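So the structure is just underneath, and the comments pick up after that.
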Protein chains: 2
Amino acid sequence: MSKTTKQDSATEKDKLSEFEQHYFNSYDHYGIHEEMLQDTVRTLSYRNAIVQNKDFFKDKIVLDVGCGTGILSMFAAKNGAKHVIGVDMSSIIEMAQKIVDINGFSDKITLLRGKLEDVILPYDKVDIIVSEWMGYFLLYESMLDTVLYARDHYLKPDGLIFPDKCSIHIAGLEDSEYKHQKLDYWQDVYGFDYTPFVPVIMAEPIVDTVESSLINTTRTKIIEFDLNTVTLEDLSFKVPFKIQAKRQDTINGLITWFDNVFPAPKGRKPVEFSTGPYAPYTHWKQTVFYLEDDLECEKGDVLEGTLTCAPNKRNNRDLDVNIKYNFKAGGVDGEQRSVKNENQYLMH
Amino acid sequence: MSKTTKQDSATEKDKLSEFEQHYFNSYDHYGIHEEMLQDTVRTLSYRNAIVQNKDFFKDKIVLDVGCGTGILSMFAAKNGAKHVIGVDMSSIIEMAQKIVDINGFSDKITLLRGKLEDVILPYDKVDIIVSEWMGYFLLYESMLDTVLYARDHYLKPDGLIFPDKCSIHIAGLEDSEYKHQKLDYWQDVYGFDYTPFVPVIMAEPIVDTVESSLINTTRTKIIEFDLNTVTLEDLSFKVPFKIQAKRQDTINGLITWFDNVFPAPKGRKPVEFSTGPYAPYTHWKQTVFYLEDDLECEKGDVLEGTLTCAPNKRNNRDLDVNIKYNFKAGGVDGEQRSVKNENQYLMH
């Protein structure tokens, strides 16, 4: 069984673009793994999905895409897998190897350092892919492309992917205090006009936890990816949404989050978890898109539009997001409160 | 006057090492500039140092090394400078140009994108260098090497550097709760032994704010850099320290911070600011080195040793720090409480 050495990794790294090096290097540091492990919603969901489906894992070959410290590989090995292959580009895999060894899994888990597209797996096909690939807003700096590569090249036709259903959700929120504090700051910075920053700040979605009490519209699922069938092309999408004000208030931003579902036998409730504002904290928090307009809403007013999302052409791990919206207010002053607009965002 | 364009910057970037690209790219993002500007201790200290020394700046040529959003350049221009040259490698300089223009300083401030070592300044010599180059622990990822290059190539013999005296300080602290919580976590991570992480975590200094009440020894200045004379070689150093317990307690870490002093005419108190635990918050916080030992101290017990610091050979923006210590306890049980040890750290 091949263990990766520093020499191997140096060779692998020579093949990488500068951006890839930056991206993978950011996972070298222990702090990011500490944060992910200590996200108990995340980690226990994976554990529960594996423990509750030991029948799926019994005597199976499992591939862990982006294995990090090896936690998912060990969950799988401990719960019946015949053999687990963990692949990661980051130097953290050297730590994972020590952890795998010290926990007695050296024979059951093989760790390979490199890009999944480059490493040579000891099996032609695997039964199960496990991967924690999700980024902010599900897709930002995510490893989904690598998971799809693994699926298309290594997964048996009837193989399983953990998780295999991921959906993005949207709602409106009132966040005037923070929004205006964040934007007004640039009006007078030590006596100088720093307002050229305002459009840059407006164009950047904010990753933060949001009090669910700030949400003032219905919520809706805008897209769901079935990992068994989704293609790379599907990750660029344009989808409609329609939400409705729940009270008299101001809608000045849209909040988004994602939910994840793991495979389960027919008839059994699958393990799932949400990164939304109505669920416990996860390190993914939520992603807020401030609207250029402050929409004065009455209960029942409708905000509909489209959300377009695609990798940025200059840097394909950045995301371009465009939100077109058409706010249709009701009542006698409905016409004057109605607004149409289009805002462009860049996650980077 | 040359303004930098995106084409220029692409050319400049081609010359950079991968690490340099990673480093400079991290300053492209607005968030880091927002944090630095909103650090009022930092920014107002620079402003006060310039405003209180208008005589120094009157009709002078000023070089702002690593100008970022241009705030120090504008302070200098507003307070009498004849001309200011701001140099920065990051794309943030495009934003700085907009801000300089909108505030009416287009004629007084020239911004150049590139490495200071590569750009061509419109003057052979400058009268004053201003720079906010300091990193965590003063030297981590700092731009001091660039400031020294600027001094040696562009500063007139009697020129001034703002700030020009920077010193590092050390004291002992009791931080058992956080230290043990941070280390004990790895004993049982979802049922697995993750203790291979412990040495990695111990070797990494922690950048955080520390309650001054946790400090339980005297404090001492371990080194001071006079920017008018310091050389690159001086930034690798080995210095002794000696501190004394102020109460019966446990010393299980050393806290370090740095202070900065700006030039002032003879007889006038200079502007200075501290990043220490006895001063108001700055974004540099403090840097804590956990000791391998928990030293049970009585009031008056002496902890002495040496601190060695040098750029890491593999990555010269990382810092190797070595702390040798000799804890000499007093009293009847002094001998059994005395400890000698040596701990190695890497800031990265």
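In what follows, chains are A, B, ... by sequence order, proteins preceding strands, each numbered from 1. Remember, it's a predicted structure, so these values are computed and weren't measured experimentally.
For a heavy-atom cut-off of 4.5 Å, chain A lies close to Y185(B), W186(B), V189(B), Y190(B), F192(B), D193(B), Y194(B), T195(B) in residues 185-195 of chain B.
A pairwise comparison of heavy atoms in P196(B) and M95(A) identifies O-CE, 3.4 Å as the closest pair.
When heavy atoms are compared at a cutoff of 4.5 Å, I99(A) approaches chain B by way of both its backbone and its side chain. The contact between E204(B) and chain A is made entirely by side chain atoms (from C-beta outward), counting heavy-atom distances below 4.5 Å.
By the side chain to side chain contact (heavy atoms under 4.5 Å, CB included) test, A77(B) pairs with V84(B), F105(B), K108(B), I109(B), sequence neighbours left out. The side chain to side chain contact (heavy atoms under 4.5 Å, CB included) check on P311(A) picks up S236(A), N316(A), with sequence neighbours excluded. In this structure, the side chain to side chain contact (heavy atoms under 4.5 Å, CB included) partners of D184(B), at least two apart in sequence or on a different chain, are H180(B).
For the set L37(B), V200(B), L44(B), the count of heavy-atom pairs under 4.5 angstrom toward chain A peaks at L37(B).
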